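Being a predicted model, the structure only gives us computed values, none of them experimental. Computation of the quantities below employed the complete heavy-atom set of this structure, encompassing side-chain atoms and omitting hydrogens, waters and symmetry-equivalent molecules.
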Amino acid sequence: MALALFLVAAAAAAVANAAVYDPDCKWRLNVTDVDDIAHHKYSVLEDCLFYKLSKEADVMQGKPNSLMLLPPTVAAGETLEVDVQKVVVRQMWMSEVFKEMHINGYVGLSWKDRRLRWDQIDWKTDTLNIKSFGRLWVPDINSEKFQTSAQSVDYTNYQNIEARMTGNVTARLEFRMQAQCEIDYSDYPNDRKHCCFKLRSSLYKRYIKFFILSGEGECEGLDVEQIRTNWHIENSWVKKLAADDDMKAEELEICVTARRKSTTLSIELTIPVLISALLILLAPFFGKFQQQINVKMFSILLQFMCFQFLANKTPQVGFGESVPKIYIFYAFTLGVSVVSLIATVIVSAAARVVRKVPPAHRYTLLASVLNANVCCGFEEAPVTDGTSSKDASADWLQIHVALNNLMSFCAVIVYVIGAIVIAF
């Protein structure tokens with residue numbers, strides 16, 4: 001008797017569950033506005049719609065789970081047009097050692113899937129949110145690198161997949177890519193990095209065709225408003241190219257040209273060499289030969305110390321074939337300083353020689369005029385006893401002072417012109 005009652009209760013429960021379970025969501029016929037549906041019931045409605053579309057796709061393509069496994073086209077020779085709506089870069093960071101830029105962002109994509117079409121009047125909604133990209137076939141867009149080299153660093157994943165009743169599918173392809181960079185160290189520490197990476201299909205190389213929207217021709221700039229980095233983006237673009245290994249296949253090339261923003265490092269490297277350059281320019285105004293020699297030797301010592309500090313700031317792998325302008329400026333400053341020091345030492349040594357033969361009168365007059373107008377170095381006239389009429393040391397000293405002033409002036413002119421040429 002108890003067993004019979006249990007069977008009757010189980011049968012009644014089964015009938016009740018069968019009455020409650022509605023795989024086609026027929027209750028939607030009583031709904032006039034989708035906004036009046038509770039959130040959990042709208043989720044059930046989406047599941048019913050998806051399963052209905054999945055069954056129809058299985059019948060159309062003759063394979064179970066075809067909506068998940070097969071691309072949307074059925075005729076031979078058909079291609080899938082994937083529209084690139086925009087490319088957004090959120091974050092960038094640089095590996096100086098390996099010359100690689102790590103870039104995070106996403107690509108907005110859309111394509112047509114004829115299997116995802118329904119009647120809005122019947123299902124009360126014009127959109128269908130795909131809860132997981134594994135439930136729907138999506139273009140397999142990945143890094144162009146080999147799997148063994150890309151699996152540890154490159155990453156792509158579909159998010160926010162949404163289908164409309166017309167069969168249009170939109171999605172956001174999140175990516176984290178390791179881009180190879182060409183580095184221009186000419187303006188170091190404000191050096192430039194030109195970094196690129198490519199996205200392509202590995203299974204459907206000739207089937208997927210890219211179309212870049214809102215761009216000029218086949219090129220469009222990237223959206224970098226959300227980026228968080230210490231690099232200044234000078235230029236960026238996404239471009240459609242033919243694949244290197246298959247001219248009929250297409251791929252997307254995403255490139256970024258960035259300049260380092262390091263004002264403090266620029267000041268640290270520039271101020272010391274500017275001080276040493278100022279000492280070179282002002283050395284002739286310190287007066288006597290010995291004072292000028294001391295100032296120039298101190299300037300060279302300061303330049304060696306500055307260069308050692310600059311070498312400590314050099315990247316671990318160096319600058320490659322390019323030579324930064326600041327290195328050229330340091331070398332040029334050091335070269336001018338050494339030449340100026342050698343010239344002053346030679347003139348100073350020559351001025352100490354006692355000569356009895358006076359110089360030509362025109363040279364003495366020219367030296368007097370030059371020393372009076374240049375107003376640089378000077379030397380005290382040698383003390384004589386006044387008994388020798390052939391003592392011409394004072395006249396020769398005047399000529400040597402003028403010669404040193406003239407060479408110092410030429411060195412300043414050469415240094416200023418050279419600095420301008422290096423800077424620009």
Side-chain angles (χ1 to χ4, degrees), residues 186-188 266 269-311 323-382 392-424:
S186 299
D187 296 325
Y188 179 83
S266 300
L269 298 179
T270 304
I271 287 182
V273 74
L274 290 180
I275 295 175
S276 62
L278 184 63
L279 292 176
I280 294 177
L281 299 178
L282 297 180
F285 297 93
F286 279 84
K288 298 181 179 180
F289 288 145
Q290 189 59 43
Q291 293 174 343
Q292 294 185 32
I293 293 173
N294 294 337
V295 170
K296 291 179 180 179
M297 292 183 66
F298 175 74
S299 175
I300 293 176
L301 175 62
L302 181 62
Q303 291 168 27
F304 274 112
M305 296 173 60
C306 295
F307 191 82
Q308 185 64 32
F309 175 75
L310 176 63
V323 180
K325 291 181 180 179
I326 191 169
Y327 273 75
I328 299 176
F329 185 62
Y330 267 77
F332 178 69
T333 302
L334 181 61
V336 173
S337 301
V338 171
V339 171
S340 178
L341 175 63
I342 293 175
T344 302
V345 170
I346 293 176
V347 172
S348 176
R352 292 194 298 269
V353 178
V354 179
R355 294 177 174 84
K356 300 298 183 180
V357 179
H361 185 63
R362 60 179 181 273
Y363 295 144
T364 304
L365 293 178
L366 181 61
S368 300
V369 173
L370 185 62
N371 293 334
N373 290 277
V374 173
C375 300
C376 290
F378 69 92
E379 290 289 331
E380 295 180 357
S393 299
D395 294 338
W396 281 108
L397 181 61
Q398 189 83 348
I399 292 177
H400 286 105
V401 170
L403 183 60
N404 180 70
N405 292 338
L406 182 61
M407 289 189 297
S408 299
F409 181 75
C410 293
V412 169
I413 295 300
V414 170
Y415 183 77
V416 171
I417 295 176
I420 294 174
V421 171
I422 294 173
F424 300 99

Donor-acceptor check, side chain of Thr270 to backbone of Ser266, threshold 3.5 angstrom: yes or no?
yes
Residue pairs involving residues 409-424 (criterion side chain to side chain donor-acceptor pair (under 3.5 Å); sequence neighbours excluded):
Thr333-Tyr415
Sequence neighbours excluded - salt bridge (charged side-chain N to carboxylate O under 4.0 Å, His left out) pairs with any residue from residues 323-344:
Asp187-Lys325
Separation between CD1 (Ile399) and CG (Leu366), nearest 0.5 Å, reads 9.0 Å
Tell me every residue that passes side chain to side chain contact (heavy atoms under 4.5 Å, CB included) with Val347, counting only those two or more places apart in sequence or in another chain.
Phe289, His400, Leu403, Asn404, Met407
Just to verify, what does Thr364 make a side-chain hydrogen bond (donor to acceptor under 3.5 Å, both in side chains) with, not counting sequence neighbours?
none
List in chain and number order the residues that pass side chain to side chain contact (heavy atoms under 4.5 Å, CB included) with Ile346, two or more places apart in sequence or in another chain; answer none if no residue qualifies.
Ile342
CZ/Phe298: more than 12 non-hydrogen atoms of other groups inside 6.0 Å:
no
Quick one: ring pair (Phe, Tyr, Trp, His ring centres under 6.0 Å) partners of Phe307, sequence neighbours excluded?
Tyr327
With rounding to the nearest 0.5 Å, note down the distance linking CG in Asn405 to OG1 in Thr344.
9.5 Å
Straight-line distance of Ser408 OG to Gln292 CD, nearest 0.5 Å:
5.5 Å
For Ile300, give me all partners under side chain to side chain contact (heavy atoms under 4.5 Å, CB included), at least two apart in sequence or on another chain.
Phe304, Leu334, Ser337, Val338, Leu341
Taking all heavy atoms of Phe329 and all of Ala419, pick out the closest pair and write down the distance.
CE1-CB, 3.7 Å
To the closest 0.5 Å, what do you measure between CG (Leu269) and OH (Tyr330)?
6.0 Å
Residues forming a side-chain hydrogen bond (donor to acceptor under 3.5 Å, both in side chains) with Ser186, sequence neighbours excluded:
Asp184
For Pro324 and Tyr188, which heavy atoms make the closest approach, and how far apart are they?
CB-CB, 3.8 Å
For Ala360, all residues meeting side chain to side chain contact (heavy atoms under 4.5 Å, CB included), sequence neighbours excluded
Arg362, Tyr363
